[in-house]
Amino acid sequence: MGVLFTYFQPESEVAMVNSNKKLKAVRLRIWACEQLLKRYVCHGEISYEECLSCVATCISEQTTPYQKMAARVMLKYYLGTVETNNLLESEAVVTERRDPLVRRWRNKVLARDKYKCVKCGATDRLVAHHVIYWSEDITKRISVENGMTLCEKCHAKEHEGERVYALIAKNC
């Protein structure tokens with residue numbers, strides 16, 4: 001397993017982000033590692049220590065998104081997708097809005113609020129809004145208690161006067 005994580009070093013992350021081509025190459029490498037894992041590694045018999053190492057990698061603020069992706073591949077292989085997400089949900093530090101845990105958070109927030117805007121009661125064009133903003137507290141990014149369901153118009157009003165307002169209001 002050490003090879004999987006050392007392959008994605010933090011120094012190389014800046015260079016990788018600069019190019020879409022390189023990002024695709026990293027994702028392809030992670031996919032290839034996943035295929036090798038499925039084919040050659042002890043068929044579900046990953047040690048407890050390796051599992052803990054993967055969890056530590058996923059929840060650390062010091063690891064790169066690529067290292068987190070590689071660790072999640074290992075956990076997903078060992079525990080399955082649902083159990084991996086259950087395990088990481090309360091502890092993981094997500095760095096990308098496209099992370100599967102963010103989608104899961106969004107779905108849980110919408111379901112909790114019965115798919116209605118908590119401000120006006122609308123039931124279409126709903127978004128999950130972070131009460132404590134995404135940029136302000138990385139530990140609350142996927143906490144259901146930190147979300148509320150808003151329609152796009154109420155969401156735009158919630159951000160009125162902020163830099164992101166024009167971007168959000170454009171979609172209404």
Side-chain angles (χ1 to χ4, degrees), residues 8 10 13-14 16-24 26-28 30-31 34 51-52 54-172:
F8 305 100
E13 181 182 11
V14 174
M16 301 262 182
V17 171
N18 289 337
S19 166
N20 238 357
K21 202 175 207 180
K22 289 183 181 177
L23 177 61
K24 287 179 184 177
V26 168
R27 290 197 174 154
L28 183 62
I30 291 174
W31 176 84
E34 184 175 14
C51 204
L52 284 179
C54 290
V55 171
T57 300
C58 288
I59 66 175
S60 173
E61 295 176 33
Q62 308 304 314
T63 55
T64 69
Y66 308 112
Q67 290 169 316
K68 291 178 190 296
M69 287 167 60
R72 191 176 284 171
V73 164
M74 293 287 289
L75 285 172
K76 188 171 82 174
Y77 177 75
Y78 182 61
L79 301 172
T81 302
V82 173
E83 282 304 313
T84 297
N85 287 340
N86 287 343
L87 178 65
L88 295 176
E89 186 173 52
S90 62
E91 301 298 328
V93 176
V94 296
T95 55
E96 295 183 18
R97 290 183 184 263
R98 295 180 309 173
D99 190 298
L101 291 174
V102 176
R103 281 193 303 273
R104 188 177 173 156
W105 167 82
R106 178 189 181 278
N107 292 336
K108 285 185 173 191
V109 169
L110 294 175
R112 183 203 59 205
D113 296 336
K114 298 180 175 55
Y115 300 94
K116 289 184 183 176
C117 175
V118 297
K119 300 277 185 177
C120 72
T123 57
D124 60 332
R125 302 183 71 153
L126 300 175
V127 297
H129 170 70
H130 287 89
V131 177
I132 300 172
Y133 293 163
W134 173 274
S135 60
E136 290 179 9
D137 188 349
I138 61 173
T139 63
K140 301 275 191 227
R141 288 178 177 170
I142 55 172
S143 169
V144 175
E145 295 77 32
N146 185 40
M148 74 166 87
T149 302
L150 297 174
C151 67
E152 286 181 348
K153 287 183 181 182
C154 291
H155 190 229
K157 287 179 192 172
E158 200 65 32
H159 287 284
E160 203 165 16
E162 298 173 19
R163 286 186 344 197
V164 297
Y165 175 75
L167 180 65
I168 293 170
K170 181 172 73 171
N171 293 329
C172 294

Flag side-chain contact, heavy atom, 4.5 Å: L75 against C51: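 Contact flag for L75/C51 side chains = yes.
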Of the non-hydrogen atoms in [X] and [Y], which two are nearest, and what is the gap between them?
X: S143; Y: W105; value: O-NE1, 2.9 Å
X: S60; Y: T63; value: O-OG1, 3.4 Å
X: R112; Y: M148; value: NH2-CA, 3.8 Å
X: C151; Y: C117; value: N-SG, 3.3 Å

Partner residues of N85 under the side chain to side chain donor-acceptor pair (under 3.5 Å) criterion, sequence neighbours left out: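 If we apply the side chain to side chain donor-acceptor pair (under 3.5 Å) test to N85, skipping adjacent residues, there are no hits.
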Could you check whether any side-chain N or O of [X] sits under 3.5 Å from a backbone N or O of [Y], counting only pairs where one atom can act as donor and the other as acceptor?
X: N146; Y: K140; value: yes
X: K116; Y: A122; value: no
X: Q67; Y: T64; value: yes
X: R141; Y: W134; value: yes
X: T149; Y: V109; value: yes
X: R72; Y: L88; value: no
X: R106; Y: V127; value: no

Atom [atom1] of [X] and atom [atom2] of [Y]: how far apart are they, to the nearest 0.5 Å?
X: H130; Y: S135; atom1: NE2; atom2: OG; answer: 10.0 Å
X: I132; Y: E145; atom1: CD1; atom2: CD; answer: 10.5 Å
X: D99; Y: I142; atom1: CG; atom2: CD1; answer: 7.0 Å
X: H155; Y: L126; atom1: NE2; atom2: CG; answer: 11.5 Å
X: Y77; Y: T84; atom1: OH; atom2: OG1; answer: 12.5 Å

Start with the C-alpha gap between E158 and K119, add the side-chain angles, then the distance that decides, and say whether salt bridge (Lys or Arg N to Asp or Glu O under 4.0 Å) holds. CA-CA 10 Å; E158 200 65 32; K119 300 277 185 177; 3.5 Å; yes
Where does the angle between the aromatic ring planes of H159 and H129 fall among parallel (under 30°), tilted (30 to 60°) and perpendicular (over 60°)?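 Rings of H159 and H129: perpendicular, over 60°.
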